[in-house]
2 protein chains.
Amino acid sequence: MKLSTKGRYAVTAMMDLAIHDREGPVTLADISHCQGISLSYLEQLFAKLRRAKLVEGVRGPGGGYRLGKPSHQISVADIIIAVDETIDNTKCQGLKDCNGGNKCLTHKLWADLSDRLFEFLDGITLSEFISRPEIKTISRRQDTTASRIANMFPPNAIAS
Amino acid sequence: MKLSTKGRYAVTAMMDLAIHDREGPVTLADISHCQGISLSYLEQLFAKLRRAKLVEGVRGPGGGYRLGKPSHQISVADIIIAVDETIDNTKCQGLKDCNGGNKCLTHKLWADLSDRLFEFLDGITLSEFISRPEIKTISRRQDTTASRIANMFPPNAIAS
DNA sequence: TCAAATCCCGACTAATTTGCTGGGTATTAT
DNA sequence: ATAATACCCAGCAAATTAGTCGGGATTTGA
């Protein structure tokens, strides 16, 4: 379980998708512009999110990305693990007998802590964020080509 | 709030200190040997922990590090923040008006999530780990010079 | 059909972080 | 005095992070 700016980028981008999910796909250009992340870097992150089935891409004009599952099935832990590709580094680095025959105790304690953290983050889903009252008032973007196109084609025009 | 191997090293090292607190100072050489971290890297981490008053150093032979406060006053969040020097990167990177005059919403949502995570980790203190039943059986080290010296000089011989 | 919008992909570069090496100095128990 | 230890620091190498570049491939509107 790792938590870096990379994970933060992914989580905030996914929040963006969840908030605007009803309006059809969100373009990476929008997210790039909004959150100040480079487009290609976002593409790399979304490639991982796509492989983890957390998002799905829609090609062509008016396309973009949308959530790959209902928002209540996507947890913060899911997102972070998808982009961070956590290798298992909780095992004792070749030093198992450092306490007189017992396995390294602190590693076990850390593993326990790490598990608790994972459970905590796994219990928080994207649906929590879109259910807030302050979301609805600003759920429609302005000043971007994508939103203009989206306005021409309301959500129900795009098959799910 | 960042969570990397650096933070993990610091937390496990602090667990080590907490577990062996009754036996006098723990040397960095011990931790280095036990957890497979280089001595100098540990020195860097402990310099930060010391500045944050989480540990205090005892110089000279038989010295080492001990906790700077009672274990129930040291949270996991304290340790991670001490070594990671979290700069405030939650603010909108120069792009405040990305939602039609409103502040960037996802940044607020992330800040909320980050706060919850902090509270979670701040609620876990080192005292939780030393109160476990499996600790007492292995609370005394073997095979190290430091422990032999420590045995010669029981804890009460070292003024706090 | 054609061009635009967009996802997709791989390689490259720059910045930052991580972790280590190796040299010191200060303090203190013996 | 000597050895053990904390403490300090400059620099270096590897890994990771972040971003760039240049090209596709696919879908859609005109």
Side-chain angles (χ1 to χ4, degrees), chain A residues 2-10 13 17 24-33 35-51 55-66 68 83-87 89 93 144-150 152-153 157-159, chain B residues 2-10 13 17 24-33 35-51 55-66 68 83-87 89 93 144-150 152-153 157-159:
Chain A
K2 213 167 98 181
L3 195 53
S4 58
T5 54
K6 196 173 180 178
R8 181 165 59 91
Y9 283 160
L17 252 61
V26 177
T27 69
L28 293 189
D30 270 5
I31 298 175
S32 169
H33 175 257
Q35 303 199 19
I37 314 169
S38 84
L39 185 60
S40 291
Y41 193 48
L42 272 177
E43 283 180 350
Q44 292 173 33
L45 296 182
F46 271 76
K48 293 181 177 179
L49 294 173
R50 196 168 52 84
R51 270 178 244 132
V55 299
E56 56 186 22
V58 179
R59 293 187 166 199
Y65 282 97
R66 48 173 47 175
V83 297
D84 272 337
E85 315 206 332
T86 315
I87 49 169
N89 53 6
Q93 285 107 344
T144 67
T145 315
S147 65
R148 268 182 273 118
I149 292 174
M152 291 190 241
F153 301 94
I158 299 164
Chain B
K2 209 169 99 184
L3 195 53
S4 58
T5 55
K6 194 173 181 178
R8 180 165 60 92
Y9 284 157
L17 252 62
V26 176
T27 69
L28 292 190
D30 269 5
I31 299 175
S32 168
H33 175 256
Q35 304 201 16
I37 315 168
S38 82
L39 186 60
S40 291
Y41 194 47
L42 273 175
E43 282 178 351
Q44 291 175 34
L45 297 182
F46 272 77
K48 292 181 178 178
L49 293 173
R50 196 169 51 86
R51 269 178 243 131
V55 299
E56 57 187 20
V58 180
R59 291 186 168 199
Y65 282 95
R66 47 174 48 175
V83 297
D84 272 337
E85 317 205 328
T86 315
I87 48 168
N89 54 5
Q93 285 106 342
T144 67
T145 315
S147 66
R148 269 183 272 118
I149 292 174
M152 291 190 241
F153 301 93
I158 299 163

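Values in this document were obtained by computation on a predicted structure and should not be read as measured data.
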N or O in side chain of B/S40 less than 4.0 angstrom from C/dT21 OP1/OP2: no
Whole-Å distance, B/H33 NE2 to D/dT5 P, equals 14 Å
Mind checking if A/L39 touches a base, just sugar-phosphate, or nothing, with heavy atoms under 4.0 Å? nothing
Determine: side-chain N/O of A/R50 to OP1/OP2 of C/dC9, distance under 4.0 Å, yes or no. yes
Of all the choices, D/dA4, D/dG19, D/dT17, which nucleotide is nearest to the side chain of A/K2 once you look at every atom? D/dT17
Would you please classify the geometry between the B/F46 ring and the B/Y65 ring as parallel, tilted or perpendicular, with 30° and 60° separating the classes? tilted
Please report, rounded to the nearest Å, how far the P atom of D/dT17 is from the CG atom of A/L45. 10 Å
Could you tell me which non-hydrogen atom of A/A10 sits nearest to which non-hydrogen atom of A/L45, and how far apart they are? N-CD1, 4.3 Å
Using the closest heavy atom to pick a nucleotide of DNA chain D for each, name whichever of B/G60 or B/A47 lands nearer the 5' end. B/G60
Close N/O contacts between protein and nucleotides 11-16 of chain C (under 3.5 Å):
none

Where is the tightest heavy-atom contact between A/G7 and A/V83, given as atom of each residue plus distance? CA-CG2, 4.1 Å
On a heavy-atom basis, the closest approach of A/R50 and A/G57 is CD-N, 4.3 Å
Could you tell me how far apart A/F46 (CZ) and C/dT6 (P) are, to the nearest whole angstrom? 14 Å
Between B/K6 and C/dC20, does any side-chain N or O lie under 4.0 Å from OP1 or OP2? no
Would you say the base of C/dC9 and the side-chain of A/E43 have a donor-acceptor pair closer than 3.5 Å? yes
Whole-Å distance separating the CZ atom of B/R59 from the P atom of D/dA6: 10 Å
Distance-minimising heavy-atom pair for A/D84 and A/K6: OD1-CD, 3.9 Å
For the base of C/dC7, is there a side-chain donor-acceptor partner from A/T27 under 3.5 Å away? no
So does B/Y65 get a side-chain nitrogen or oxygen closer than 4.0 Å to the phosphate oxygens (OP1/OP2) of D/dC7? yes
Taking every heavy atom of A/L17 against every heavy atom of A/V26, the minimum-distance pair comes out as CD1-CB, 3.9 Å
Between A/T27 and A/G63, what is the shortest heavy-atom contact and its length? CG2-O, 3.4 Å
Is any side-chain N or O of B/S4 closer than 4.0 Å to OP1 or OP2 of C/dT18? yes
Between NZ of B/K48 and C1' of D/dC9 the distance, given in whole Å, is 14 Å
Between D/dC7 (P) and B/L28 (CG): distance, integer Å: 8 Å
Expressed as a whole number of angstroms, how long is the span from B/I37:CD1 to C/dT18:P? 13 Å
Does the B/S32 side chain pair with the main chain of B/S38, one donor and one acceptor, at a distance under 3.5 Å? no
Kindly say if B/Y41 contacts the phosphate of C/dG19, meaning a side-chain N or O under 4.0 Å from OP1 or OP2. yes
B/L42 has an atom CG; how far is it from atom P of D/dC8, in whole Å? 15 Å
Is the distance from OP1 or OP2 of C/dT18 to the nearest side-chain N or O of B/R8 less than 4.0 Å? no
